[in-house]
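Worksheet: the structure to be examined is printed underneath.
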Amino acid sequence: MSTTTTITKPAPVIEGSLTAFLKSIDKLGAGAVPTGFKGIDTSVYDPKVAAQDALQKQAVQAASGLGALTGPDAYKPFMSPYQQEVIDATLSEFDRNQAIQNTGMRDQAIAAGAYGGGREGVMAAEAAKGASMNRAQLQAQLLNQGFQQAQAAAGADLQAQQGLGGYQSQLGQQQQAFAQAGLDASQIAAREAEFQPFTQLGLIGQQLAQIQPGAFPTQTVGYAPPAAPASPMSQFLGGAAGIAGIGGKLGLFG
């Protein structure tokens with residue numbers, strides 16, 4: 001029985017491309033590196049994190065010193081250096097006015113003929129006591145006023161330092177984000193460069209896959225297997241049949 005086998009072969013124009021493509025795929029699949037390609041170095045596209053910007057570092061360093069602006073002595077650096085002079089001058093003026101008042105009281109007592117008496121002594125003592133209390137209150141008021149002013153200045157400075165730190169931190173974050181974007185872009189570029197052989201072969205494979213079957217001529221090869229050799233018996237029977245036929249025609253067998 002004859003058998004025909006049809007073999008479809010790629011057109012010669014793309015046979016070389018397919019062969020080269022498949023050889024490259026085999027090498028990559030086996031871990032080998034095709035000619036002109038380099039191995040994949042994953043270290044070149046490892047993820048990286050941008051370092052803190054200088055402004056961020058300055059903000060952190062400044063924040064570590066803000067504790068000095070919140071303690072019980074935070075107001076002292078903001079006390080006016082002239083406060084004591086103001087207090088001394090004010091109290092001196094108070095003492096001068098009090099001395100004038102004491103002189104007037106004494107003159108009144110003398111004019112009334114009560115100077116040196118018990119009543120004049122009591123009045124003088126009460127006046128001195130009142131003057132002393134007024135003087136102390138005046139001094140406390142001046143000290144408290146200076147303290148309040150210094151405390152307000154310390155609070156304003158704290159807010160200013162915090163605001164500056166926040167502003168520096170924000171600018172630093174923007175700079176850090178910009179640097180991070182650069183690192184990310186470099187990472188992507190490095191990864192694409194390392195995978196370039198696979199990408200290139202993938203694109204070639206896509207182009208070859210778009211070639212439709214039958215778009216190029218194919219070659220059909222016919223094959224017919226040889227007949228099986230005859231057995232001796234069949235040869236004998238065939239020969240006997242032949243002889244009988246000939247004998248019959250000659251009338252040898254009646």
Side-chain angles (χ1 to χ4, degrees), residues 47-186:
K48 295 178 176 61
V49 179
Q52 280 190 326
D53 187 75
L55 291 174
Q56 289 176 298
K57 295 179 179 179
Q58 293 175 5
V60 172
Q61 184 177 2
S64 63
L66 292 180
L69 298 179
T70 58
D73 297 331
Y75 72 94
K76 289 184 177 179
F78 299 92
M79 292 291 292
S80 172
Y82 306 103
Q83 183 178 12
Q84 190 59 47
E85 296 180 5
V86 173
I87 293 175
D88 293 341
T90 303
L91 294 180
S92 177
E93 181 64 18
F94 177 86
D95 293 339
R96 188 180 71 82
N97 291 330
Q98 188 61 40
I100 294 175
Q101 292 179 8
N102 292 338
T103 301
M105 289 176 58
R106 186 185 58 187
D107 293 342
Q108 291 178 1
I110 292 174
Y115 180 75
R119 184 179 176 183
E120 187 271 337
V122 171
M123 293 177 61
E126 289 295 329
K129 180 180 179 181
S132 178
M133 291 179 62
N134 292 336
R135 190 178 191 278
Q137 290 177 355
L138 177 59
Q139 183 177 11
Q141 182 180 356
L142 293 173
L143 290 173
N144 182 66
Q145 182 179 357
F147 169 75
Q148 294 294 338
Q149 291 176 349
Q151 192 175 42
D157 184 67
L158 175 61
Q159 292 181 355
Q161 293 291 342
Q162 291 174 336
L164 178 61
Y167 181 68
Q168 286 181 330
S169 179
Q170 183 178 2
L171 289 180
Q173 288 176 358
Q174 293 177 356
Q175 295 295 329
Q176 186 184 29
F178 180 78
Q180 184 65 53
L183 291 176
D184 293 343
S186 299

(request) Report the C-alpha separation of Gln170 and Gln174 in whole Å, then their side-chain angles, then the decisive distance to 0.1 Å, and conclude whether the side-chain contact (heavy atoms from CB on, under 4.5 Å) test is met. (result) CA-CA 6 Å; Gln170 183 178 2; Gln174 293 177 356; 4.1 Å; yes

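The CZ atom of Phe94 sits 8.5 Å away from the CG atom of Leu91 when rounded to the nearest 0.5 Å. Separation of atoms OG1 (Thr90) and CG (Leu138) is listed at 6.0 Å; rounding is to 0.5 Å. From Asp88, atom CG reaches atom CD of Gln83 across 10.5 Å, with rounding to the nearest 0.5 Å. Separating the CD1 atom in Ile87 from the OG atom in Ser92 is a distance of 13.5 Å, to the nearest 0.5 Å. Interatomic distance, Asp95 CG to Ile100 CD1, rounded to the nearest 0.5 Å: 11.5 Å. Separation of atoms CD (Gln52) and CD (Gln173) is listed at 9.0 Å; rounding is to 0.5 Å.
A salt bridge between Glu93 and Arg96 is present, with a side-chain N of the basic residue lying under 4.0 Å from a carboxylate O of the acidic one.
Checked by atom type and distance alone, the side chain of Ser186 pairs as donor or acceptor with a backbone atom of Gly182 at under 3.5 Å. In this structure, the side chain of Gln61 does not engage the main chain of Gln56 through any donor-acceptor pair within 3.5 Å.
Under 3.5 Å, the side chains of Gln98 and Asn102 contain a donor-acceptor pair of N or O atoms.
Residue Lys76 qualifies as open at atom NZ: its count of foreign heavy atoms under 6.0 Å is 12 or below.
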